[in-house]
Amino acid sequence: MTISPSTSISVAQTLPPCSAIPRLLQAPNPKAAAPLPPNLPGISSPRPAPQIDRVGFPENYQNEFKLIYVVDRPDNKQVRVICGNDIAAAVKPGKTFPYGSVFVMEIYHAKQDANGNILKDEKGQYIREALTAIFVHRKEKGFGADYLDDRSGEWEYIGYRPDKTYLPNAAPGKTNACASCHLRQAGKSEDYVFRKE
Ligand code: HEC
């Protein structure tokens, strides 16, 4: 997506709602996944993370959040739909997100044939099957401190199933890998968000 400086302010108004999933925008392939670091010395497993959920399930995000981009992931046979609330969606790539920014990433199982080959639609894009997870991160003042050395700015992370219960490996106390990967792969210059230009 190319945003000229003069139009960037109104981006949140011009983006479609999260539920308008037809591929309006296609992000480039993500950076190759870097391995996560081993457990930090002196810190017992599980690695440090907030013990309570201060992110919260973003009710009605399908209608209220803006669709930002869609990624087909061959490595894990997924389609990922990334949406942001109006505060987050209005921010230009490379800029810092204001407090109150919330992102959602819906993770869908990509449709496959009997041999596990990924099927594509007429545009060459993966076909979404079951929604398996809803990953969320929120930025608020002071958030993220409990991740200690794996802190990625002031974001906290959580993972839900579609029925809004916690994913066992992304529940409160279990989200260190989220912060750790966003810290190392998205980086400070992007405010730890993978939003593509
Ligand atoms: C191994 C690295 C890695 C881990 C671990 C990880 N993410 Fe991400 N995350 C990514 C990448 C890369 C993207 C961009 C979308 C893509 O290419 O799949 C992303 C995108 C996102 C987005 C969309 C907004 C953004 O930051 O770009 C959310 C929300 C998100 N992740 C939440 C989480 C949560 C919650 C967890 C933990 C339960 C988590 N992530 C764990 C790499 C990771």
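Keep in mind that this is a model prediction, so the values were computed, not measured. All residue numbers refer to positions in the sequence shown, counting from 1. Counting convention: from 1, in listed order, for ligands and their atoms alike.
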What is the minimum heavy-atom distance between [X] and [Y], and which atoms define it?
{"X": "Tyr126", "Y": "Gln78", "answer": "CD2-O, 3.7 Å"}
{"X": "Ile118", "Y": "Ala110", "answer": "CG2-CB, 4.3 Å"}
{"X": "Phe97", "Y": "Asp191", "answer": "N-OD2, 2.8 Å"}

[X] heavy atoms, cut-off 4.0 Å: which ligand 1 atoms fall inside?
{"X": "Arg80", "value": "16 (C), 18 (O)"}
{"X": "Ile158", "value": "35 (C)"}
{"X": "His137", "value": "24 (C), 25 (C), 26 (O), 28 (C), 29 (C), 30 (C), 32 (C)"}
{"X": "Tyr157", "value": "33 (C), 34 (C), 35 (C)"}
{"X": "Phe103", "value": "24 (C), 29 (C)"}

Tell me whether ligand 1 is touched by Trp155 - counting only heavy atoms on the residue side and a distance under 4.0 Å.
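No heavy atom of Trp155 comes that close to ligand 1.
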With the threshold set at under 4.0 angstrom, would you say Ala170 reaches ligand 1 through any of its heavy atoms?
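In this structure, Ala170 qualifies as a contact of ligand 1 - some heavy atom is under 4.0 Å.
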Short N/O/S contact of His182 with atom 8 (Fe) of ligand 1 (below 2.8 Å):
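It does: His182 brings an N, O or S atom closer than 2.8 Å to atom 8 (Fe) of ligand 1.
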If we set the cut-off at 4.0 Å for heavy atoms, which region of [X] has an atom near ligand 1: side chain, backbone, both, or neither?
{"X": "Val136", "value": "backbone"}
{"X": "Val193", "value": "both"}
{"X": "Tyr69", "value": "side chain"}
{"X": "Thr175", "value": "neither"}

Of the listed options Gln185, Met105, Glu106, closest to atom 20 (C) of ligand 1 (non-hydrogen atoms):
Met105
For atom 36 (C) of ligand 1, tell me which residue out of Cys178, Ser101, Ala177, Ala179 has the closest non-hydrogen atom.
Cys178
Looking just at side-chain N and O atoms, do Ser101 and Arg138 make a donor-acceptor pair shorter than 3.5 Å?
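No - no donor-acceptor pair under 3.5 Å links their side chains.
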Are Leu131 and Ile158 connected into the same hydrophobic cluster when the rule is that any two of I, L, V, M, F, W, Y join if their side-chain heavy atoms are below 4.5 Å apart?
yes
Do Phe103 and Phe143 sit in one hydrophobic cluster, given that two such residues count as connected whenever their side-chain heavy atoms are within less than 4.5 Å of each other, even indirectly?
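As far as the 4.5 Å side-chain criterion goes, Phe143 and Phe103 are not connected within one cluster.
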Is the closest N or O pair between Gly159 and ligand 1 shorter than 3.5 Å?
no
Could you tell me whether some N/O pair between Arg73 and ligand 1 is separated by less than 3.5 angstrom?
yes
Is any side-chain N of the basic residue among Asp150 and Arg184 closer than 4.0 Å to the acidic one's carboxylate O?
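So Asp150 pairs with Arg184 through a salt bridge.
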Looking at Lys66 and Asp86, does any basic side-chain N land under 4.0 Å from a carboxylate oxygen?
yes
Donor-acceptor contact present, side-chain Arg151 to main-chain Gly153, <3.5 Å
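Between the backbone of Gly153 and the side chain of Arg151 there is a qualifying donor-acceptor contact (under 3.5 Å).
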With Ile134, which of Leu167, Asp163, Val104 fulfils side chain to side chain contact (heavy atoms under 4.5 Å, CB included)?
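That would be Val104; it is the only one of Leu167, Asp163, Val104 passing the side chain to side chain contact (heavy atoms under 4.5 Å, CB included) with Ile134.
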